[in-house]
Amino acid sequence: MKIATWNVNSLRVRLDQVRDWLAAANPDVLAIQETKLRDEDFPVAALEAIGYRAAFSGQPTYNGVALLSRQPAANVGTQIDGFEDPQKRVLAASFGSLRVINLYVPNGQSVGSDKYRYKLEWLAALELQLARELRAHEHCVVLGDFNIAPEDRDVHDPAAWEGKVLCSAAERAALKRIMALGFCDAYRRFPQAEQTFSWWDYRAGGFRRNRGLRIDLILASEALCPDCRSCYIDTGPRGLERPSDHTPVVADFDF
DNA sequence: ATGGTGGCGCGGCCA
């Protein structure tokens with residue numbers, strides 16, 4: 001199973017890039033975030049035309065998540081149980097015995113803001129949800145835009161980002177608690193070049209200067225970690241005309 | 001440099 005994540009920053013704008021990437025990379029599952037589409041506007045036919053089924057949970061203008069897959073999604077969930085949230089940020093589904101949970105973690109805006117508090121509350125609720133998912137499903141992949149750079153080596157300029165949103169101690173601690181439920185970071189199971197990132201700000205030539213962060217993650221449950229054969233970031237789409245500010249991350253599992 | 005760019009949707013929010 002080849003499983004990937006990509007924050008597309010508007011599926012309407014990026015549909016051709018997504019279709020091209022699916023045709024070239026041929027993943028079994030692609031988790032996308034920031035679709036920014038109402039469910040009734042989701043391009044089901046355009047994806048079915050290239051052999052992908054779609055499950056989605058969207059809203060106009062903001063947020064929105066989807067799972068594009070060769071086989072149809074089963075047992076689809078769109079909520080963190082017990083956490084009322086109108087923002088569409090979670091999409092869980094089963095593909096055979098594999099549970100896949102696609103996340104668009106809140107950005108948090110700035111440390112100390114209302115949105116930052118919402119992010120930390122959301123992550124605490126997510127931790128409980130993932131504990132439940134792990135109890136029900138031994139083989140879990142949790143992936144998406146985490147809006148957290150796990151460590152300083154995931155940051156182009158750790159000194160400039162120290163304590164800032166996406167890098168703050170409280171966010172990293174929340175991620176560590178989630179990892180401690182029993183997940184590995186697929187990317188860090190393998191040797192990787194330094195200064196490799198998955199997101200670069202549109203402003204000030206961020207990508208050209210490789211001023212990025214690794215905030216798009218693929219977590220595998222402990223039972224699944226030994227089956228992970230590779231994990232890589234595909235920077236190709238970030239270099240296209242009119243790109244998303246994120247680029248795909250891919251993990252290949254013997255599963 | 002408290003900026004810069006991009007998406008949505010048409011003013012201002014969000015990232």
Side-chain angles (χ1 to χ4, degrees), chain A residues 5-21 30-43 46-47 56-66 68 85-91 102-123 126 143-150 154-168 170-172 174-175 197-217 233 235-249:
Chain A
T5 179
W6 189 7
N7 179 325
V8 298
N9 186 20
S10 169
L11 184 56
R12 205 187 305 276
V13 172
R14 233 67 67 188
L15 180 59
D16 286 346
Q17 290 184 20
V18 169
R19 283 162 45 100
D20 289 348
W21 190 81
L30 172 61
I32 60 178
Q33 305 86 35
E34 286 205 87
T35 56
K36 301 185 176 180
L37 287 175
R38 295 176 177 84
D39 286 348
E40 57 265 39
D41 295 329
F42 200 91
L47 292 160
F56 39 85
S57 178
Q59 63 185 96
T61 314
Y62 301 118
N63 308 313
V65 283
L68 312 182
D85 190 357
Q87 301 187 28
K88 305 301 189 186
R89 298 181 173 278
V90 178
L91 189 62
N102 177 16
L103 303 177
Y104 176 45
V105 176
N107 174 281
Q109 193 172 60
S110 61
V111 172
S113 66
D114 286 347
K115 291 190 177 66
Y116 182 77
R117 280 184 285 278
Y118 161 69
K119 180 179 194 173
L120 295 180
E121 288 166 10
W122 192 96
L123 287 164
L126 175 69
L143 76 174
D145 179 357
F146 281 70
N147 269 316
I148 302 171
D154 301 309
V155 180
H156 68 89
D157 184 347
W161 280 86
E162 189 181 3
K164 300 270 174 55
V165 75
L166 314 186
C167 298
S168 74
E171 293 164 80
R172 285 177 169 175
L175 178 59
F197 310 118
S198 66
W199 167 85
W200 301 259
D201 200 301
Y202 283 122
R203 297 168 287 192
F207 182 62
R208 180 177 51 79
R209 301 159 67 194
N210 198 30
R211 298 177 65 83
L213 304 178
R214 190 177 70 93
I215 57 177
D216 299 274
L217 309 179
I233 297 170
T235 55
R238 187 61 178 82
L240 297 174
E241 266 189 62
R242 211 177 178 193
S244 170
D245 46 351
H246 297 250
T247 211
V249 183

Using the [atom1] atom as the point on both nucleotides, what is the distance between [M] and [N], in whole Å?
N	M	atom1	result
B/dC14	B/dG4	C1'	15 Å
B/dC13	B/dG3	P	15 Å
B/dG7	B/dG11	C1'	14 Å
B/dA15	B/dG9	P	15 Å

_By the definition side-chain contact (heavy atoms from CB on, under 4.5 Å), identify the one residue from A/V165, A/L213, A/L166 that meets it with A/N147._
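Option passing the side-chain contact (heavy atoms from CB on, under 4.5 Å) with A/N147: A/L166.
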*A/K36: which of A/D41, A/N63, A/N9, A/L11 passes side-chain contact (heavy atoms from CB on, under 4.5 Å)*: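 Filter result, single survivor: A/N9.
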*Locate the shortest heavy-atom distance separating A/L123 from A/A174; write the atom from each residue and the value.*
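Answer, listing the atom of A/L123 first, then A/A174: CD1-CB, 3.9 Å.
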*Parallel, tilted or perpendicular: which describes the rings of A/F207 and A/W200, with under 30° parallel and over 60° perpendicular?*
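Ring orientation, 0 to 90° scale: perpendicular.
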*asked:* Measuring from atom OG of A/S244 to atom CD of A/Q17, what distance do you get when rounded to the nearest 0.5 angstrom?
replied: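 So the gap between those two atoms works out to 8.0 Å.
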*With A/F146 via ring-ring contact (aromatic ring centres under 6.0 Å, His included) - residues at least two apart*: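 Counting only residues at least two positions away or on another chain, A/F146 forms no ring-ring contact (aromatic ring centres under 6.0 Å, His included).
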*Toward the 5' end of DNA chain B, which comes first, A/Y104 or A/N9, by nearest nucleotide?*
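Looking at the nearest nucleotide for each, A/N9 comes out on the 5' side.
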*Contact nearer the 5' end of DNA chain B, comparing A/T35 with A/D145*: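 With A/T35 and A/D145 compared, the 5'-side residue is A/T35.
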*What nucleic acid atoms does A/R211 come within less than 4.0 Å of, heavy atoms only: base, sugar-phosphate, or nothing?*
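A/R211: no heavy atom of the nucleic acid under 4.0 Å.
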_Start and end of chain A contact along DNA chain B [non-hydrogen atoms, under 4.0 Å]_ =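 Answer, 5' to 3': B/dG4 to B/dA15.
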